[in-house]
2 protein chains.
Amino acid sequence: MATGRTHRPATRSRGIPEATVARLPLYLRALTGLSERSVPTVSSEELATAAGVNSAKLRKDFSYLGSYGTRGVGYDVEYLVYQISRELGLTQDWPVVIVGIGNLGAALANYGGFASRGFRVAALIDADPAMAGKPVAGIPVRHSDQLEEIIRDNGVSIGVIATPAGAAQQVCDRLVAAGVTSILNFAPTVLSVPDGVDVRKVDLSIELQILAFHEQRKAGEDVRDVAAPPPTTVAQDGASSRPAGAGARTDREGPDDELPAVMPA
Amino acid sequence: MATGRTHRPATRSRGIPEATVARLPLYLRALTGLSERSVPTVSSEELATAAGVNSAKLRKDFSYLGSYGTRGVGYDVEYLVYQISRELGLTQDWPVVIVGIGNLGAALANYGGFASRGFRVAALIDADPAMAGKPVAGIPVRHSDQLEEIIRDNGVSIGVIATPAGAAQQVCDRLVAAGVTSILNFAPTVLSVPDGVDVRKVDLSIELQILAFHEQRKAGEDVRDVAAPPPTTVAQDGASSRPAGAGARTDREGPDDELPAVMPA
DNA sequence: TATTGTGAAGGCATTCACAGCT
DNA sequence: AGCTGTGAATGCCTTCACAATA
């Protein structure tokens, strides 16, 4: 990388790799923990361990943001927290809506990790009229008739879909039409969206299937001595690099599986 | 990087790339949908669209499994469903336990996508005595005192952790000690596990933060015409390739955020 | 001395483009 | 004629290893 040699690179190096972006929240969480324990500085080695990656990767990641460390010393925790927060856009307020208030939607509404990172749950939305008005996590559920109104009034640009698969695409269409440009999708469906809209998907069943694949491979030689599992301590790589592009056409209805949310089409 | 890998040099010529493994469940879901509509065959182009990837990638992925297609025709849907299921290890029964029956745990327990893919919820476990016996999704919740017993009696090798962050490592240790070798972790913590144990992580807050990063970048030129969003239709790449490695040492307690599950340490 | 920041190398993953079959 | 299967090309990400520097 061209050493801008400016102490603080005013030139925002536009090209932060996706893989790096996906790890920034990891670093931020580790740093927050250190910050709460009033640790002033941390080395790349220590921070990497806390975040579950290796130190070379961490240093390379940080090099894309700028030169925020001090050679021979390490990184200033508070300063790094600020820089990463800013880079991720967490210094501003992000109103989000959660659509589909079943068990999963309720879990999300109750999740404390949002508020502490600049995300504010502007509204909970469900299609079931019986739920309207009921408070979940202290926030009254509103009927989906008001979806567009809610989006516009609150300037919501991020939407979370926690509906059954069958309703997901319709909800998505309405969110996008109303102005949402980023969607976190928990429904097991491929969403179709216009260009310029980001979709990220979290699929519970897929993660389990990947585990099953690896589990199957272990069956052979690996007769673990269950009695005494050595409390080893290895470097963990919890990276998550998954691009999310525009939508693919999918005319068909959702498959058999549904998330247990309460929002029929 | 690959998971807590037992480095196996040449023993197994079964070298399916992680990125491919992560997409197999995607193909499987699309194929299941086609199967239910009694579609007999499908081309790589059609299937790729339904799964949200491009066809070259799909063909390359399938080439690692073998030559299951017919040139000039396409793939036999039923045959592919079987082959992929077998490759993923879904033709056998996988008893799983879910620990931490809060909203999220309940959502997981109710999730229909498990049963239909060879996963059987052997037990729901929670530390709250008040929950013991209560049925969730038709399955009675059992107290965590019985965790080891449940794991052994049911031959459980896959565990799902949906507890608050503070309890996750302890639960993880007990699961591993009892014989679990694959863990799906929803708690926002880096888990430390012995070599040979796979951990995959799902982190709700991280996904949102990545969306926020991209959302922030849009703010510049993109003054969306909210009135008429063009219902474009582009190819979407919803791949998910995220390795999960062995555990890193982390002495500290979990950060501020907790999943809203009901399982104090 | 201790630790960062980063070119360079190496390894994967994706995409291209076409030979090979049906 | 149409579609798969795959070498080759390309690009991205990770890891190495060390010069730069507080």
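All chains are named by letter (A, B, ...) in the order of the sequence lines, taking the proteins before the strands, and each is independently numbered beginning at 1.
- A ring-centre distance under 6.0 Å is found for B:Tyr68 and B:Tyr79.
- Between B:Tyr75 and A:Lys60, the residue whose closest nucleotide on DNA chain D is further toward the 5' end is B:Tyr75.
- One interatomic measurement links the two molecules: NZ of A:Lys57 to P of C:dG11, which rounds to 16 Å at whole-angstrom precision.
- No donor-acceptor contact under 3.5 Å links the side chain of B:Arg71 to the base of C:dT22.
- A sub-4.0 Å separation between OP1 or OP2 of D:dT4 and a side-chain N or O of B:Thr70 is absent.
- The side chain of A:Asn54 contributes an N or O atom lying less than 4.0 Å from OP1 or OP2 of D:dT15.
- The CG atom of A:Leu47 sits 20 Å away from the P atom of C:dA2 (whole-angstrom rounding).
- Between A:Leu58 atom CG and C:dG5 atom C1' the separation is 12 Å, expressed in whole Å.
- The shortest heavy-atom contact between B:Leu184 and A:Leu204 is CD2-O, 4.2 Å.
- When rounded to the nearest whole Å, the span between CD of B:Glu45 and P of D:dA1 equals 20 Å.
- The existence of a salt bridge linking B:Glu87 and A:Arg217 is confirmed by a sub-4.0 Å separation between a basic side-chain nitrogen and an acidic carboxylate oxygen.
- Regarding A:Glu18, its CD atom lies at a distance of 17 Å from the P atom of C:dA13, rounded to whole Å.
- Between B:Tyr64 atom OH and D:dT4 atom P there is a gap of 17 Å when expressed in whole angstrom units.
- Remark: A:Arg59 is not in phosphate contact with D:dA17, judged by side-chain N or O atoms under 4.0 Å from OP1 or OP2.
- Here B:Ser43 does not reach the OP1 or OP2 of D:dC3: none of its side-chain N or O atoms lies under 4.0 Å away.
- Protein atom CD of B:Glu46 is 14 Å distant from nucleotide atom P of D:dG2, rounded to whole Å.
- If you take CG of B:Asp61 and C1' of C:dC12, they are 13 Å apart, rounded to a whole angstrom.
- Of the options A:Leu31, A:Val53, A:Val39, A:Val77, a side chain to side chain contact (heavy atoms under 4.5 Å, CB included) to A:Leu47 is made by A:Leu31 and by none of the others.
- Side chain of B:Ser44, nearest nucleotide from D:dC13, D:dG5, D:dT4: D:dT4.
- Heavy atoms only, all atoms of each residue included: A:Pro25 and B:Ile210 are closest at CG-CG1, 4.4 Å.
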